[in-house]
Every structure is written in structure tokens, then in C-alpha cells.
Amino acid sequence: MKEIDQEEISRRRGIYFQSFGIYGGISGLYDYGPFGSLIKDRIVNIWKETLFREGNVAEFDGTALTHIQVLKSSGHYDRFFDYSVQCEQCGAKYRADELLEKYGIEVKLDPRWLNEKITEMGLKCERCGGKLGEVKVHKLMFPVEQGSELDPLYLRPETAQGIFINFKEYYRFFREKLPFAVIQTGRGYRNEISPRRALYRLREFNMMECESFFDPEDEMWPSEPDSTLNVRLSTRDGREIITTPMDAYRDGIIESQPIAYFIGLGSKFFRRIGIDGEKLRFRQHRKDELSHYSSDTWDAEADTSIGWVEIAGIAHRGTYDVSNHIKFSGKDLYGQRIIPKKKMIKKNKVIDYGKIRKDFRGNIEKVISAIESGNDSLNLNGTVVKLQDYYTINEEEVTVDRENFIPSVIEPSFGLDRILFSILDHNFSVRDDTGYIYLRIPSEISPYDVAVLPLMNKDDLDNRGREIFRHLLDVGLKVIYDESGTIGKRYARYDEVGVTYCVTIDYESLDKGDVTLRHRDTMKQIRINSDDIEKYVRVNPWNGRDS
Ligand code: AMP
């Protein structure tokens, strides 16, 4: 059986390849070529469509350059790191936990423990056999200089934070009704210690994130978890269970209804885009593996030629992020819930504007804003002003029927590059007879719906081919036209990048007004009228079998 080298085919066929190749490339950075970009875009569109169909989902498109305070509040600034260990001889760097995991050791993420274990096991550099140095903290975020003594900006390590800090914007958009979700697709950046295996571990990668917001007293997604589709669950206590997300929730295997819901949604989405359902599982994080913000997380994992790969994480983030942004920004990011009417004392600040105007010419705005922000004092050019002297507190009894709460968040976060890596892994296939490779991806994510191939680029075959090409473009199909090389080579080329249909124009076509339609997987060919191509491809997709 021919070995399938995903990376080699992808480079040769323009699916993906290492960035900056002519200058030797940089590890952990990959570009998508003409076919890969189209496949990727189609996956993103299906993902967005899947979520928009929920009806209570809106999109956010934020910047990748991020304010340092956002990442201090979220905990990334202090806590987003891995432990590295470097060879003292050749300088190769490794993730300390991964070095040990290779020996089947259950790792403790503690630098002293890691150091002792590496020494105890006598581990050496995998590249040159040299001595390994001390275990060190390796920060994962990329700083970007702003210059002029300003704090650096950071490239976002996840897209989620931009959504959290704009919660109020979306709360208003959704007319103050929870739950709702905000999605974002875009790049995340992590300075990984050992980027490897092409798309598997990148330093710049594509994320599709969905932050769903709840009143913590009512953490229910409006639709029920799926009751029709079996999923494979691998629980924290080591059980492997095959059941539906609905039953898993009913039986308490998955405790949170929205997590069960998103496992069902993710499972359908993955199958739709070509992940093999038999090679998919949802694995619950062990307690010691959970991120600093999460109380429960389930990873979607795909079984591939490099082992089980995490392709998405569904994390319960609780109120962690939003409450920290409230705490550090001092701003209102609360939701409000209706409660039975009750009386309470409301304290109002009455600001003495006259006195402020008299005492602080030129700084009036600053003083008022400091009082409104709830500060006790203000430093004005070295002089500390006691703000209490400039307002009084009035108390009045009021009746209230609402109270504030901090929304909790459940986040399905999908890693697009790893998803694409797994799709390619599951779908590159070898033909039994010829040994040729073809990519069996679903038509919905094919880079092109149809390749139009005149048998030769002469005798009017090319003109007719171009006419058909133009017509198919006009009806909205994604089409590629190719007249160079033998027809066999062209079939092989489009088979390898997953184009489901080829349309060939031969001499007979010129007389009869028909074409040959060829199906990628079965290689079956049928003659159809050229006006019927769209119908075969789109309305009633031909499955490449005899009808
Ligand atoms: P996380 O926020 O770590 O749960 O990441 C969300 C998803 O992004 C993961 O499930 C992965 O699929 C993907 N991902 C995380 N780190 C990388 C990376 N370095 N390269 C490629 N994909 C990644």
C-alpha cells in the first residue's frame, strides 16, 4: 500500500506549505495555497452557518493586537506559559511535560517535579544526546513594540477576550435577553516551544470561537441536546461511553446542558465536513489539566496518523473572564435579571460642581470623572486631592425589581488548522487498482464544485470549454478551467485536491451539445447535456454510481 504523505501532497498541490519557503521557512508558520484557502473558507462558512442557524448568535470581528490590560485581567499575562527545557549543547528546546509524556508518565505541571523527573530518568537531548538544562517558564504570548515608552501590545492568544470585553454591546443587541452567543473567526498567536507536524502545532493559527453567555442561575441553551446521534465520550474517571448527548446529559455524564448541546452540534458539524465519525471522541479534562479559567472542559479529539489530536475544546469558563474585566476596568459588564419587588436603600452621590469649578480650573473634567468612577482620591500633578470633600451621599428608599449578575460563559472553541489536518488525514485515499491518491472530502468543502477540462486546447474544444466555464461561474458555482496537460494528469490533479466533479468536452460534445461528467470517488463517467451540469452538481448531486 502506498504511503500517504499529507505534507508532501499538500505542498505539491497547493493546499498548504511552510511560510517563507524561499528563505528557508520558519517553524510553526504555514500558508494556505490556492486549493487550501478555498477548502478552509468553506469550512469556516459552514461553521458560521451552523451557528447562525441557532437564531441567537451574532458575529464579532475584533483586532488581533491586544491591550496589555485585557491580558492581565484575563490571567494570560501571568499564567499563559509552558515549561521548557533546553539542550546545553545544541540549544534545541523541548516542552518539559511532553518529553516525559512520551514515556507514558502522568505529568505534574510543577517545575521542581519536572526537573527532578527529567534528572531521575536521565533524559537527554533528542537531537544530539546533549545534557538538558534547568526547566524554565516559557511565556506563550508574542509582544509587539509600540515604541515611545508605551506598553507593548500583544498578539491575542485566543479570540475570546475581545468578545468578553464587549459583552454589553451584544447584550443590548440581543435586547438584554440571555442566552446568546457571539462568534468570531480569526487568527490566534502562541509562541509554542516546539511547533511541529505542520498544521498540528502552529505559532499563528486559525480559530473559530463561540462564546455563549448565560445567567448562571439558568444555564440552559434554548434547544435540547441531540438525541439522534451517538457520540463517543471519554470521561475524567476513565470510562469510555457511546451514547447520545441527550442521554449523556440525562444520566449526569455531562453535567452542563449547554456542553451536551455543543458536543452534539460539534459532532454533526465534524461529520458534515468530512471528519470520520468513527475516529472522533469527546474527552473530558482531568482536574489537573484544566485551564486556569475552567471548571469543566471536553475536548473533541480526532484519531489520526499522529495519534489523537485535539481539534476543539468546549470549556465551561464560568464567570471568570467577565468578572475580572469588571474588576480591573471598573466598568459595568453585568446582565440584569427580574426579581420579586423589594424595597432597598439607594445611595446617590451628589457632586458639588460649584466647589469643583472654584478649586480646580483646568482639571474639572478629571475630578468629576474620578468621583464618578468611585475613586477616593486623585493625584493632580503631585497633589493628592481627597474627593470626599466634593460630594455628599444622599440615601433614599426605592422599590427594585431587577438585580445585576455576572454572566457565565460556555465556550466551544474550534482549531481550524487541526480540523483541516484531520480531514486530510481521514480522507486521502489510495485507489486499489492504480495506486493513485484521491481526496474523498465532502463536496461541500471541495475547493471547486467543478473542473472544466476540454480534451485538447484546439479545434474549438477550448472555446466550448470556456463558454461552459463562464456559464457555470454565472450560475454561482465555484469552477476552475484547465486545458493544459493530458486529460489523465488533469483528473489526477483534481482528484488529489478533492474536486468532486470534472466536466470534459470532447469532439462528440461539439456535435451533440453534451459533456462527460466524471465523479472523483468512483471515476464513473456519464454523458449529460451541458445545460444539466448545475442540476447534477447542485440540485441533485450525482454520487458517481449508476442510476
Ligand atoms: P485552546 O484555547 O487551547 O483550547 O485552543 C482551541 C483550539 O485551537 C484547540 O482545540 C486546537 O484545535 C487549536 N489550537 C490550539 N493551539 C494550537 C496551535 N499551536 N496550533 C494549531 N492549533 C491550535
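Each ligand, and each atom within it, is numbered from 1 in the order the structure gives.
- A donor and an acceptor atom, one from each side chain of Q161 and T66, are nowhere located under 3.5 Å apart.
- Listed by atom number, the atoms of ligand 1 under 4.0 Å from S413 heavy atoms are 6 (C).
- Residue, atom and distance of the protein heavy atom nearest to atom 9 (C) of ligand 1 are E310 OE2, 3.1 Å.
- The aromatic rings of F421 and Y200 sit tilted relative to each other, their planes meeting at an angle between 30° and 60°.
- Residue-ligand proximity, E192 to ligand 1, at heavy-atom distances under 4.0 Å covers atoms 18 (C), 19 (N).
- Within the structure, ligand 1 lacks D417 among the residues with a heavy atom less than 4.0 angstrom away.
- Close approach to I311 involves these atoms of ligand 1, each under 4.0 Å from a residue heavy atom: 10 (O), 12 (O).
- Atoms of ligand 1 lying under 4.0 Å from at least one heavy atom of L202, given by number and element, are 18 (C), 19 (N), 20 (N), 21 (C).
- Atom 13 (C) of ligand 1 has its closest protein heavy atom at G415 CA, 3.6 Å.
- For atom 21 (C) of ligand 1, the nearest non-hydrogen atom of the protein is Y200 O, 3.4 Å.
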> Could you walk me through whether R431 and D495 pass the salt bridge (Lys or Arg N to Asp or Glu O under 4.0 Å) check?
Replying inline: CA-CA 11 Å; R431 297 211 191 277; D495 284 352; 2.9 Å; yes
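- Taking the ring axis of W308 as reference, the NZ or CZ atom of R283 does not stay both within 45° of it and closer than 6.0 Å to the ring centre.
- Contacts between R418 and ligand 1 below 4.0 angstrom, taking non-hydrogen atoms only, involve the side chain exclusively.
- A side-chain hydrogen bond (donor to acceptor under 3.5 Å, both in side chains) with S413 holds for exactly one of R317, E209, E211; it is E209.
- K139 forms a cation-pi arrangement with Y77, by the criterion of a distance under 6.0 Å to the ring centre and an angle within 45° of the ring axis.
- F270 places none of its side-chain heavy atoms less than 4.5 Å from the side chain of H426.
- Aromatic ring pairs are classed by plane angle as parallel below 30°, tilted from 30° to 60° and perpendicular above 60°; the pair Y448 and F35 is perpendicular.
- The nearest heavy-atom contact from the protein to atom 14 (N) of ligand 1 is F205 CE1, 3.5 Å.
- Atoms of ligand 1 lying under 4.0 Å from at least one heavy atom of G313, given by number and element, are 10 (O).
- By the criterion of a heavy-atom distance under 4.0 Å, both the backbone and the side chain of R201 are placed next to ligand 1.
- The heavy atom nearest to atom 2 (O) of ligand 1, out of those in E204, E158, R190, is found in R190.
- Donor-acceptor pairing under 3.5 Å is lacking for the side chains of E255 and H316.
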